[in-house]
Every structure is written in structure tokens, then in C-alpha cells.
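First the structure, in the form of C-alpha cells, and then the observations on it.
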Number of protein chains: 2
Amino acid sequence: MTDLDIAEVAHRAGVPASTLRFYEEKGLIASTGRRGLRRQYDPGVLERLALIALGRTAGFSLDEIAQMFTPDGQPRIDRRKLSAKADELDRRIRELGVLRDSLRHAAACPAPSHLECGTFRRLIDAAATGGVAVPGRRVPGRR
Amino acid sequence: MTDLDIAEVAHRAGVPASTLRFYEEKGLIASTGRRGLRRQYDPGVLERLALIALGRTAGFSLDEIAQMFTPDGQPRIDRRKLSAKADELDRRIRELGVLRDSLRHAAACPAPSHLECGTFRRLIDAAATGGVAVPGRRVPGRR
DNA sequence: TCTTGACCTCAAGTCGACTTGAAGTAGAAC
DNA sequence: GTTCTACTTCAAGTCGACTTGAGGTCAAGA
């Protein structure tokens with residue numbers, strides 16, 4: 001019996017036990033059984049949790065991540081989805097790059113007011129015309 | 001009287017009128033008056049909205065953004081905060097870059113299961129050891 | 001045997017940024 | 001003068017990912 005106690009998993013994965021219970025309820029992970037009341041987990045859950053964390057970082061929702069596992073627990077990762085997400089990340093990275101450069105410029109710019117600085121104004125214009133996207137912006141009709 | 005009607009502002013800025021009311025309530029923007037019931041806005045509000053959108057993209061909260069304007073409406077942008085945010089963006093960009101590359105690799109990888117692919121496993125390990133951060137992760141004790 | 005402390009369940013709360021709904025109102029077109 | 005319509009207010013709802021709280025249970029140590 002090499003199973004791990006929920007406390008052990010929580011500690012090793014760096015997430016609170018409440019999160020593990022929540023993930024279990026969502027069907028993202030499964031416990032192998034109980035010792036008394038306490039959930040026991042197969043050590044493989046750690047890898048799975050890592051995979052979940054990874055998906056979250058990539059911008060997948062928990063529901064999307066849940067669909068990336070087959071009923072028997074094997075990761076079933078759609079290569080096309082991965083590609084699409086990579087493209088999405090790429091766009092986001094480029095946007096953030098522009099933004100970062102502009103912020104750095106604004107921080108160093110000698111113009112008394114940022115609004116008097118051409119670089120800053122160009123950035124504002126880009127933002128105004130939708131050249132820079134807000135990440136979590138709710139787009140009506142999407143989702 | 002060159003003021004803009006709320007509908008006009010909403011249209012030009014690409015945000016719903018409800019958002020403008022919400023921003024006004026939050027003190028992020030101000031209307032110049034009313035025509036009947038309807039809010040009127042100075043055209044400068046468009047620039048301000050662009051600035052707000054920009055701040056959101058950079059990852060500032062609305063409350064943080066509100067503090068970036070002086071009571072008279074001039075942007076008062078703390079250069080140190082900008083630098084700090086630029087650094088933060090830089091880290092995030094690098095993380096996302098690693099992630100994007102890994103996703104691309106996984107999408108193209110011939111290994112039957114992603115778990116059998118070294119590159120993918122290395123990524124998981126990085127995620128597991130905290131090498132890759134989830135953006136909106138609530139860190140207990142922060143905020 | 002008793003106590004302790006870490007787990008359990010289930011419902012409800014939180015956080016940020018808005019959106020939605022109900023009920024009311026005023027300017028403009030007819 | 002009436003109707004239409006786009007606005008108004010205010011409270012409440014939504015969304016995702018968890019957290020928190022109250023009240024309960026059980027294995028292990030003293």
C-alpha cells in the first residue's frame with residue numbers, strides 16, 4: 001500500500017487539501033479509497049496535478065482540462081487544440097511584448113506628462129483601436 | 001457643445017454603456033453632465049478609456065488604475081510601478097514562451113502518449129516544481 | 001479508554017469586473 | 001398629445017476557481 005494521504009498529496013503538490021477535494025468533485029482527480037474518512041491517493045495523482053497546473057497556465061479552464069483525460073485517466077490531448085493554444089499564446093506573447101516595451105519607455109521617458117510622449121500616445125491609440133487585447137475581457141456571445 | 005452622448009462613447013470605445021456607468025460609479029471616468037437623463041461625456045474620455053484598457057491589459061486592477069489619475073483627471077503614472085509591471089510582464093512572457101514551445105512540441109511529437117515524451121515530461125516536472133506559474137492563482141495571505 | 005487533531009460533508013461565501021432585470025423617465029418623432 | 005425608445009437607477013445575478021464555516025467522525029497517541 002504505497003498510497004498517499006491527502007495531506008501528503010497537498011503538501012507535495014503545493015495545493016491546499018480543499019483544492020484536492022474540489023478537483024475530485026469536478027472529476028479532475030480520483031482517490032483510490034479511504035483510510036477511515038481520509039482520502040488516499042495513488043502517487044500518480046501528483047503527475048496529474050502537475051498536468052492540471054500546466055493546463056491552467058496555458059489558459060485552459062478546469063472543464064477543458066477535465067476533457068483532456070480519458071475515463072481511465074490517460075491524458076488524451078488533442079494535438080490540434082494544443083496547436084491552437086500555442087498560436088493563441090504566441091499572439092498574447094507578442095502583445096505583452098509590445099506592452100512591456102511601452103511601459104519601459106514610459107517609465108524612462110522624460111516628457112513631463114505621459115500624454116505628451118509620442119510613444120505612449122501610439123500605445124494608447126493601439127489600445128483604443130483594439131490592437132492590444134485585455135485577457136479576461138468578456139466578449140458577448142463568446143464562451 | 002461638442003460633448004458625446006453615452007451611446008456614442010460606448011460605440012466609439014467599443015464597450016457597453018453599462019460598463020461606462022460602472023466605471024463612472026468606480027470613479028474611473030466622469031460625465032460632464034446630462035441631457036435629460038442621458039450622460040454626456042467630454043471627448044477626452046475616449047483617451048481615458050483607452051488608458052484604462054491599456055492598464056487592464058498590463059494586468060492592473062481597476063482600483064489600481066483609478067489611483068493612476070489625479071483628482072483633476074491627469075494621468076499620474078508612477079514610473080516605478082511601471083517598471084515593476086514591465087519586469088512582471090517580462091517574467092510572464094518568458095514563462096509563456098517556454099509553455100508555447102512545449103505545446104508546439106507536444107502537438108508535433110510522435111510519441112504515442114504525451115507522457116512518454118521526454119520534452120513533455122520535463123515540462124510537467126517544471127510545472128510540478130513551480131517553474132511555471134498560473135496567472136490568477138490565489139496565494140493565501142496575499143492580496 | 002479518552003482525547004486530540006486532522007480529516008469529513010455540505011452549504012455558503014469570496015473576489016473582480018461587469019451584466020441583467022425591473023420599474024421609471026424624458027426627448028424626439030408622429 | 002401620445003407613443004416610442006433609449007436611456008435612467010438600484011439591487012441582484014453571473015462566472016470560475018476555490019475558500020470558509022459549522023457541525024460531525026475516526027485513527028492514533030497518552
Side-chain angles (χ1 to χ4, degrees), chain A residues 1 3-41 49 51-68 133-143, chain B residues 1 3-41 49 51-68 133-143:
Chain A
M1 204 197 278
D3 278 4
L4 305 172
D5 187 88
I6 187 172
E8 182 72 16
V9 174
H11 177 243
R12 290 215 214 170
V15 301
S18 64
T19 298
L20 298 178
R21 282 190 282 271
F22 176 71
Y23 281 0
E24 185 167 335
E25 194 183 345
K26 276 239 151 190
L28 285 164
I29 59 176
S31 50
T32 52
R34 303 281 178 117
R35 163 141 53 179
L37 286 181
R38 296 163 192 216
R39 287 166 175 80
Q40 301 295 115
Y41 292 97
L49 286 169
L51 224 37
I52 292 170
L54 190 60
R56 296 268 304 114
T57 307
F60 290 101
S61 72
L62 290 184
D63 284 347
E64 283 176 304
I65 293 171
Q67 302 200 327
M68 292 181 176
V134 176
R137 195 71 154 276
R138 281 250 204 97
V139 179
R142 198 190 55 157
R143 192 174 288 200
Chain B
M1 204 198 276
D3 277 5
L4 305 172
D5 188 87
I6 185 172
E8 181 72 14
V9 174
H11 178 242
R12 290 215 215 169
V15 301
S18 64
T19 299
L20 297 178
R21 281 185 219 106
F22 176 70
Y23 280 0
E24 185 166 335
E25 194 183 345
K26 275 238 151 192
L28 285 164
I29 60 176
S31 49
T32 52
R34 301 283 178 116
R35 165 142 53 180
L37 285 180
R38 297 165 191 215
R39 288 165 173 80
Q40 301 294 115
Y41 292 98
L49 285 169
L51 224 38
I52 293 170
L54 190 59
R56 296 269 302 116
T57 307
F60 289 102
S61 73
L62 290 185
D63 284 348
E64 283 175 305
I65 293 171
Q67 303 199 326
M68 292 182 176
V134 177
R137 196 71 155 274
R138 282 250 202 95
V139 180
R142 198 191 54 154
R143 192 175 290 201

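What you see below is based on every heavy atom in this structure, not just the backbone, and it leaves out hydrogens, waters and symmetry mates. Every chain is numbered from 1 and lettered A, B, ... according to where its sequence line falls, protein lines coming before strand lines.
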Pairwise 5' ranking along DNA chain D for B:Glu8 and A:Phe60, keeping only the more 5' one: B:Glu8
Phosphate contact (C:dC18 OP1 or OP2) by B:Tyr23 side-chain N/O below 4.0 Å: yes
A:Arg39 side chain reached by A:Arg34 side chain, heavy atoms, under 4.5 Å: yes
Sugar-phosphate only, base, or nothing, as touched by A:Arg21 at under 4.0 Å among non-hydrogen atoms: base
Side-chain-base donor-acceptor pair under 3.5 Å for A:Arg38 and C:dA6: yes
Side chain proximity check, A:Val15 to A:Tyr23, heavy atoms < 4.5 angstrom: no
Nearest-Å distance for atom pair CD/P, residues A:Glu25 and C:dC8: 13 Å
Distance in angstrom units between A:Arg35 CZ and C:dA6 P, rounded: 16 Å
N/O donor-acceptor pair, side chain A:Arg56 with base D:dA17, under 3.5 angstrom: no
Gap between atoms CD and P, on A:Glu24 and D:dA17 respectively (whole Å): 18 Å
Nearest-Å distance for atom pair CG/C1', residues A:Leu37 and D:dA28: 14 Å
Sugar-phosphate, base or nothing in reach of B:Ala17, heavy atoms under 4.0 Å: nothing
Nearest listed nucleotide, side chain of A:Ser61, among D:dT19, C:dC18, D:dA17: D:dA17
Minimum side-chain heavy-atom gap B:Leu54-B:Phe60 below 4.5 Å: no
Heavy-atom side-chain proximity of B:Gln40 to B:Leu4 below 4.5 angstrom: no
Atom-to-atom span, CG of A:Leu28 to P of D:dC18 - whole angstrom: 9 Å
Whole-Å gap separating C1' (D:dT8) and CD (B:Gln40): 13 Å
Length of the CZ-C1' vector between B:Phe22 and D:dC10, whole Å: 14 Å
Residue pair A:Ile29 / A:Ile52, side-chain heavy-atom distance below 4.5 Å: yes
Interatomic distance where CD1 belongs to B:Ile52 and C1' belongs to C:dA17 [whole Å]: 13 Å
Touch class at under 4.0 angstrom, heavy-atom based, for B:Ser18 against every strand present: base
Phosphate contact (C:dT19 OP1 or OP2) by B:Thr19 side-chain N/O below 4.0 Å: yes
